[in-house]
Amino acid sequence: MIDNQQKIRPILQGLKVGEEISFPIIRLKSVRTQASELGAIYNKQFTTKVNRNKQTIDVRRLS
């Protein structure tokens, strides 16, 4: 899992198709916003999933 200090955008930009990364749930809104913006700008597709037990948001790059 990525810690609270690392930047979201460069991490998501570096994901390859099929890769997945987890962020602390406290960053939920920022992670979803960045995934949506990067998808629109660079024609990439991401999916997000909240894991309430682990208190994380998981991001997977689909295309």
Side-chain angles (χ1 to χ4, degrees):
M1 179 171 50
I2 300 302
D3 64 39
N4 271 343
Q5 304 298 25
Q6 291 184 302
K7 304 264 185 205
I8 297 167
R9 192 176 195 99
I11 293 169
L12 293 182
Q13 282 180 311
L15 284 181
K16 294 180 174 51
V17 176
E19 286 186 328
E20 186 173 315
I21 192 83
S22 295
F23 294 90
I25 201 165
I26 192 79
R27 302 184 81 187
L28 174 75
K29 189 172 181 180
S30 299
V31 170
R32 284 191 170 162
T33 299
Q34 289 296 319
S36 178
E37 285 181 7
L38 289 172
I41 294 168
Y42 297 106
N43 198 27
K44 296 179 180 180
Q45 189 174 6
F46 297 93
T47 185
T48 60
K49 182 178 180 183
V50 173
N51 186 327
R52 292 176 190 260
N53 293 330
K54 293 182 180 178
Q55 292 291 293
T56 61
I57 177 167
D58 305 321
V59 182
R60 178 182 292 257
R61 181 167 170 207
L62 300 177
S63 66

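Keep in mind that the numbers below use all heavy atoms, side chains included, and drop hydrogens, waters and symmetry copies.
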For Thr47, all residues meeting side chain to side chain donor-acceptor pair (under 3.5 Å), sequence neighbours excluded: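 Expected list: none.
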
Restricting to salt bridge (charged side-chain N to carboxylate O under 4.0 Å, His left out), what partner residues turn up for Arg32, sequence neighbours left out?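 For Arg32 there are no salt bridge (charged side-chain N to carboxylate O under 4.0 Å, His left out) partners, ignoring immediate neighbours.
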
So if you build clusters from Ile, Leu, Val, Met, Phe, Trp, Tyr with side-chain heavy-atom gaps below 4.5 Å, do [X] and [Y] land together?
X	Y	result
Phe46	Val50	yes
Leu28	Val31	yes
Leu62	Ile57	no
Val17	Ile41	no

Out of curiosity, [X] [atom1] to [Y] [atom2], how far, rounded to the nearest 0.5 Å?
X	Y	atom1	atom2	answer
Glu19	Leu12	CD	CG	11.5 Å
Thr33	Leu38	OG1	CG	10.5 Å
Lys7	Gln34	NZ	CD	10.0 Å

How would you list all residue pairs meeting salt bridge (Lys or Arg N to Asp or Glu O under 4.0 Å) that involve residues 37-62, not counting sequence neighbours?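 Checked against salt bridge (Lys or Arg N to Asp or Glu O under 4.0 Å) - neighbours excluded - the pairs reaching residues 37-62 are Arg9-Glu37, Glu20-Arg60.
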
Residues in side chain to side chain contact (heavy atoms under 4.5 Å, CB included) with Ile11, at least two apart?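 Ile11: side chain to side chain contact (heavy atoms under 4.5 Å, CB included) contacts with Ile2, Gln6, Ile21, Phe23.
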
What do you reckon, is CD1 of Ile25 surrounded by more than 12 foreign heavy atoms closer than 6.0 Å?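 Check passes, neighbour count above 12.
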
